[in-house]
Amino acid sequence: DAKTTQPNSMESNEEEPVHLPCNHSTISGTDYIHWYRQLPSQGPEYVIHGLTSNVNNRMASLAIAEDRKSSTLILHRATLRDAAVYYCILRDGLNYGGSQGNLIFGKGTKLSVKP
Amino acid sequence: NAGVMQNPRHLVRRRGQEARLRCSPMKGHSHVYWYRQLPEEGLKFMVYLQKENIIDESGMPKERFSAEFPKEGPSILRIQQVVRGDSAAYFCASSPGGGGYEQYFGPGTRLTVT
């Protein structure tokens, strides 16, 4: 899996939007961009993933740059419960259903949300 | 639909004892992954299993650690002769398939070696 770069930490105010950036300049054409988050003292939680087009789900939106070298996870209205470490992970689409299934976690971005 | 279950949630062992960590995947999932998170560090992959098969154990320490996922019952991560450096949170994840499928994590087992 290719490498990603994220800021170590970010702060947000409650009920404001949060944009969490991720750089992946060496992404290959078949790599999917996945986001997971880990709340304090809990296991990681899948958030969203995409390939080329922007994606929305009930938790967040994923905006992918046209050249795919970067992406942004968007939390539309941060709540205190969104305080977590957010991980941006690339996964090879050619390996879908294959034998290399593990996630490679970097240091992620620690998001703090102020009331 | 129950999520991934892990037990025990907390486990205390003395140096030299054995630790057994259990993971029951989500219903319908036959792929299980184990990860370890040392204090103040990131999550590291340990092993990937399907029913009765180890698919990838490239992250497992060469000695004292073993894992299984039998045809019936939970997946087991076994650590023999534990040492203080084994103190960590151990997370299990399951998915409906290998490769790029989303993984669903359990709450973890926090192992403390005294």
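Predicted, not measured: the structure shown is a model, and the values here were computed from it. Each chain gets a letter, A, B and so on, in the order the sequences are listed, and its residues count up from 1.
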> Consider only side-chain heavy atoms of I, L, V, M, F, W and Y, link residues closer than 4.5 Å, and tell whether B:Tyr48 and A:Tyr46 are in one cluster.
yes
> Would you say CG of A:Asp67 has more than 12 non-hydrogen atoms from neighbouring residues, nucleotides or ligands within 6.0 angstrom?
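Atom CG in A:Asp67 is crowded, with more than 12 foreign heavy atoms closer than 6.0 Å.
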> Under 4.5 Å from any heavy atom of chain A, what part of B:Glu41 do you find: side chain, backbone, both or neither?
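Neither part.
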> So, do A:Leu103 and B:Tyr33 sit near enough that their side-chain heavy atoms are less than 4.5 Å apart?
no
> Treat each ILVMFWY residue as a node, draw an edge where side-chain heavy atoms are under 4.5 Å apart, and state whether A:Ile64 and A:Leu75 are in one component.
yes
> Using heavy atoms and a sub-4.5 Å threshold, report which of residues 105-114 of chain B line up against chain A, by residue number.
B:Phe105, B:Gly106, B:Pro107, B:Arg110
> Any chain of hydrophobic side-chain contacts (each under 4.5 Å) joining A:Tyr86 to A:Met59?
yes
> Has A:Arg91 got a side-chain atom pairing as donor or acceptor with B:Glu102's backbone, closer than 3.5 angstrom?
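No; judged by distance alone, with no hydrogens or angles, the pair does not exist.
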> Closest approach of A:Gln38 and B:Phe91, non-hydrogen atoms and distance?
NE2-CZ, 3.6 Å
> Locate the shortest heavy-atom distance separating A:Asn102 from B:Gln103; write the atom from each residue and the value.
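Of all heavy-atom pairs spanning A:Asn102 and B:Gln103, the closest is CA-NE2, 4.2 Å.
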> Report, by ascending residue number, the residues of residues 73-83 of chain B in heavy-atom contact with chain A at a distance under 4.5 Å; give 'none' if the set is empty.
none
> Check this for me: A:Lys107, atom NZ, are more than 12 non-hydrogen atoms of other residues, nucleotides or ligands nearer than 6.0 Å?
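For A:Lys107, atom NZ is not crowded (no more than 12 foreign heavy atoms under 6.0 Å).
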> Under a single-linkage definition using a 4.5 Å side-chain heavy-atom cutoff for Ile, Leu, Val, Met, Phe, Trp and Tyr, are B:Met5 and B:Phe69 assigned to the same hydrophobic cluster?
no
> Are A:Ile104 and B:Leu38 connected in the hydrophobic side-chain network, where two residues link if heavy atoms are under 4.5 Å apart?
no
